[in-house]
Protein chains: 2
Amino acid sequence: MTTSEQATPRKRRMPRAERERQMMEVAEEVFAERGYVAASMDEIAERVGVSKPMLYEYFGSKEGLLVACIRQARAELLRVTAEATAAAANDPETAFRAGLVAYFRFAVDHGVAWSLLSSEAAVVGPQTADEVEAVRQQQTNLISVTMSAYAPEVAQGALDAFAEIIVGGCERLALWCGRRGDVTPEQAAEHIMRLMWSGLKDSLPAEK
Amino acid sequence: MTTSEQATPRKRRMPRAERERQMMEVAEEVFAERGYVAASMDEIAERVGVSKPMLYEYFGSKEGLLVACIRQARAELLRVTAEATAAAANDPETAFRAGLVAYFRFAVDHGVAWSLLSSEAAVVGPQTADEVEAVRQQQTNLISVTMSAYAPEVAQGALDAFAEIIVGGCERLALWCGRRGDVTPEQAAEHIMRLMWSGLKDSLPAEK
DNA sequence: GCAAGTAACCTACTCCAGGTAAGGTGGACG
DNA sequence: CGTCCACCTTACCTGGAGTAGGTTACTTGC
């Protein structure tokens, strides 16, 4: 009887790492579809084709599962934005624009899942809120550090404030782009540049 | 026996409107303290000094209660920002700054409760997400309309994008101010002005 | 003053989803 | 070919959202 289950790909045993990846993938889908609160661990388990205690074995709790998803996305986001800005390190304007483009491209690629995570996650509990906040702080920090390399003598407080504004503005704009569907990352970045570059440049010291 | 309950202010019957206001007040507190998910209707009911079915009688569901809180805050926010910009209608720069100050003042006044609501609410379900989104759209719209009054010939798309960026940047900056604790609304507004005014002005046509 | 009506309120439940205890199963390795 | 461990399951507990139905006290017409 256990033989020849035609279509169904016969329940497989998997090594932990692989199962974890698969679970996170499914979880991201389900969270995106239903929203975190409405998503049930039973459904995620069922879609993975595994029983609920496995999820708890590997992630500890529903929130833990969400945190794992966010953490992975966050690492990816840091990688792409940092690489983009580093590639054009000699020119602040180009670097800034490249970072923006990379950010918006990431948002587009991860589509619904990322929007929902980024706008939804905080409600859950301190753990998750911290995790989402960490994503923003990481980006804020990247921007702040990059700027202060170009403008060492500007007050740190002002730079931090600018970084917050940039991150918040980008996040909102990314959501807006997703809603409209017809805005490219380059166009989005251009909007940010138009609105902010002039003010940013003026606050930085004279170019070398 | 029903007489002389010394300290406890003897359970009072209240008209619906008053009870509703009181419930929303308590709910805002509890949501802020525990976060939406962790907050329990039983606790809210107990703190109000009333039984759970009353909450359901008046608000329908836990999410309904949250929605009511947000909706009230939203009306208040619209009022203060619209009034502030209208007061200086002849000068765009002053109007913009006044609106910013009013926004940040509101964020400060509502403190933790507002931050949590604004950053937490979306996770709950479509109802709440829509409600929070409506707050932002309301502000976005206000900004967009105000701008297009000054710059009728600028493409609507660009104006909308700017409005989104402004709203997102302000939201993030407000949270940052709350975290630091020592930033006044005026200073916050000044940060936004420094970063954005120059770009905004250049995108608008020559001043009258 | 008093019956009648209704708005405010309560007790006592159901049900669902997060989380857990305790135990099967199959392949790797001596 | 036995035994060990990682992978996996069934069957349960618990707490909080939501509800059915009854009770109390305030108002209103006479």
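The shown structure was predicted, so the numbers you read here are calculated from the model rather than taken from an experiment. Proteins come first, then strands; the chains are lettered A, B, ... in the order of their sequence lines, and each starts at number 1.
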First locate atom OG of A:S61, then atom CE of A:M41, and finally report the distance between them rounded to the nearest 0.5 Å. 7.0 Å

For B:I165 against A:I192, the heavy-atom pair lying closest together: CD1-CD1, 3.7 Å

Quickly work out the B:E20 CD to C:dC9 P distance and round it to whole Å. 11 Å

Salt bridge or not between A:R21 and A:E18? Use side-chain N to carboxylate O under 4.0 Å. no

Report each atom pair, protein N/O against N/O of nucleotides 16-19 of chain D, whose distance is under 3.5 angstrom.
| unit_1 | atom_1 | unit_2 | atom_2 | d |
| --- | --- | --- | --- | --- |
| D:dA17 | OP1 | B:A39 | O | 3.1 |
| D:dA17 | OP1 | B:K62 | NZ | 3.1 |
| D:dA17 | OP2 | B:M41 | N | 2.9 |
| D:dA17 | N7 | B:K52 | NZ | 3.2 |
| D:dG18 | OP2 | B:Y56 | OH | 3.3 |
| D:dG18 | OP2 | B:K62 | N | 2.9 |
| D:dG18 | N7 | B:K52 | NZ | 2.9 |
| D:dG18 | O6 | B:K52 | NZ | 2.9 |

Do the charged groups of B:E190 and B:R194 touch, with an N to O distance under 4.0 Å? no

Could I get a table of every N or O pair under 3.5 Å where one atom is in the protein and the other is in nucleotides 3-8 of chain C?
| unit_1 | atom_1 | unit_2 | atom_2 | d |
| --- | --- | --- | --- | --- |
| C:dA8 | OP1 | B:R16 | N | 2.7 |
| C:dA8 | N3 | B:R13 | NH2 | 3.3 |

Please give, in whole Å, the distance from C:dG18 P to A:R34 CZ? 12 Å

Ignoring hydrogens and geometry, is there a side-chain-to-backbone donor-acceptor pair from A:Y36 to A:E63 under 3.5 Å? yes

Correct closest heavy-atom pair for B:A39 and B:V30 would be CB-CG1, 3.8 Å

How far does SG of B:C69 sit from CD of B:E25, to the nearest 0.5 angstrom? 10.0 Å

Interatomic distance where CG belongs to A:L55 and P belongs to C:dT20 [whole Å]: 13 Å

Qualifying residue for salt bridge (Lys or Arg N to Asp or Glu O under 4.0 Å) with B:D42, from B:R47, B:K52, B:K62: B:K52

